[in-house]
Colleague: 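Here you go, one structure.
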Amino acid sequence: WRSVGGYSEVFPGGGGVEEFWIKLFARGAKPLSMPEQRIFQRPGSLRAGQGVEAEAPLESAMARTAHADLTEGAMALGDHDAIMAMPGAAREELEGRLASKRLSGEDRALASFWLGLSDMSQGLDEAAAGRFSEAMKSERLQWQPSFYHALCVC
């Protein structure tokens, strides 16, 4: 848990479960087969209540963009489309987390990138370009914010 930093606070709705597992697998963890299904939820997580089906594709897309170095690049544009279509509640939550100053530099870059995609989908290219510029400060996102920044300013 500690070696990978636990759950990231940047994911809307208390998500980040998939991203946590990606970090574990990147460190060499091996999946185990369990004879019965056991699901434990974090209190306050969207997965613990209603909205699971609606949030799961968004969380998955966000987790894959957060680990572009570990996931299949061909999925990236589809993931970006899913993030562009994020619900208003998820966007508001991300805005709040970004404004709270509690996020690490890496998580701030992720939030900026995801909000930039949302801005871009709403035709707010200038706002999106500013967010992509912020996200480009992180090497973790690799080519993703630079690509969209270029689209906004051209």
Colleague: Excluding sequence neighbours, so at least two apart, what forms salt bridge (Lys or Arg N to Asp or Glu O under 4.0 Å) with E95?
Modeller: R91, R131

Colleague: So, for L98 and A111, which heavy atoms are closest and what is the spacing to 0.1 Å?
Modeller: CD1-CB, 4.0 Å

Colleague: If only atom types and distance count, is the side chain of R102 paired as donor or acceptor with the main-chain N or O of R97 below 3.5 Å?
Modeller: no

Colleague: Check for me, please, whether V153 and F147 land in the same ILVMFWY cluster - side-chain distances under 4.5 Å, paths through other members count.
Modeller: no

Colleague: Rounded to the nearest 0.5 Å, what separates atom OG in S8 from atom NZ in K23?
Modeller: 6.0 Å

Colleague: Might you point out which heavy atoms bring A128 and G116 nearest each other, and give the distance in Å?
Modeller: CB-O, 3.4 Å

Colleague: Return the set of residues passing side chain to side chain donor-acceptor pair (under 3.5 Å) with T65 (not counting sequence neighbours), or none when no residue passes.
Modeller: W114

Colleague: Could you tell me which residues satisfy side-chain contact (heavy atoms from CB on, under 4.5 Å) with S146, sequence neighbours excluded, listed by chain and number?
Modeller: M136

Colleague: Compare every heavy atom of P145 with every heavy atom of A135, then report the nearest pair and how far apart it is.
Modeller: CB-CB, 3.8 Å

Colleague: Restricting to non-hydrogen atoms, name the atom on F132 and the atom on C152 that form the minimum distance, rounded to 0.1 Å.
Modeller: CE1-SG, 3.7 Å

Colleague: With the side chain counted from C-beta on, respond yes when E134 and L115 share a heavy-atom pair under 4.5 Å apart, and no when they do not.
Modeller: no

Colleague: Can you give each donor-acceptor pair under 3.5 Å made by side-chain atoms of residues 75-89, sequence neighbours left out, with the distance rounded to 0.1 Å?
Modeller:
from	atom 1	to	atom 2	distance (Å)
D79	OD1	R64	NE	3.2
D79	OD1	R64	NH2	2.6
D79	OD2	R64	NE	2.9
H80	ND1	A76	O	3.4
H80	ND1	Y148	OH	2.8
H80	NE2	Q144	OE1	2.8

Colleague: When rounded to the nearest 0.5 angstrom, what is the spacing between NE2 in H149 and CE in M120?
Modeller: 11.0 Å

Colleague: List for me each residue that meets side-chain contact (heavy atoms from CB on, under 4.5 Å) alongside A127, sequence neighbours excluded, and say none if there are none.
Modeller: D119, L124

Colleague: Going by the salt bridge (Lys or Arg N to Asp or Glu O under 4.0 Å) test, which pairs reach into residues 140-154, not counting sequence neighbours?
Modeller: E19-R140

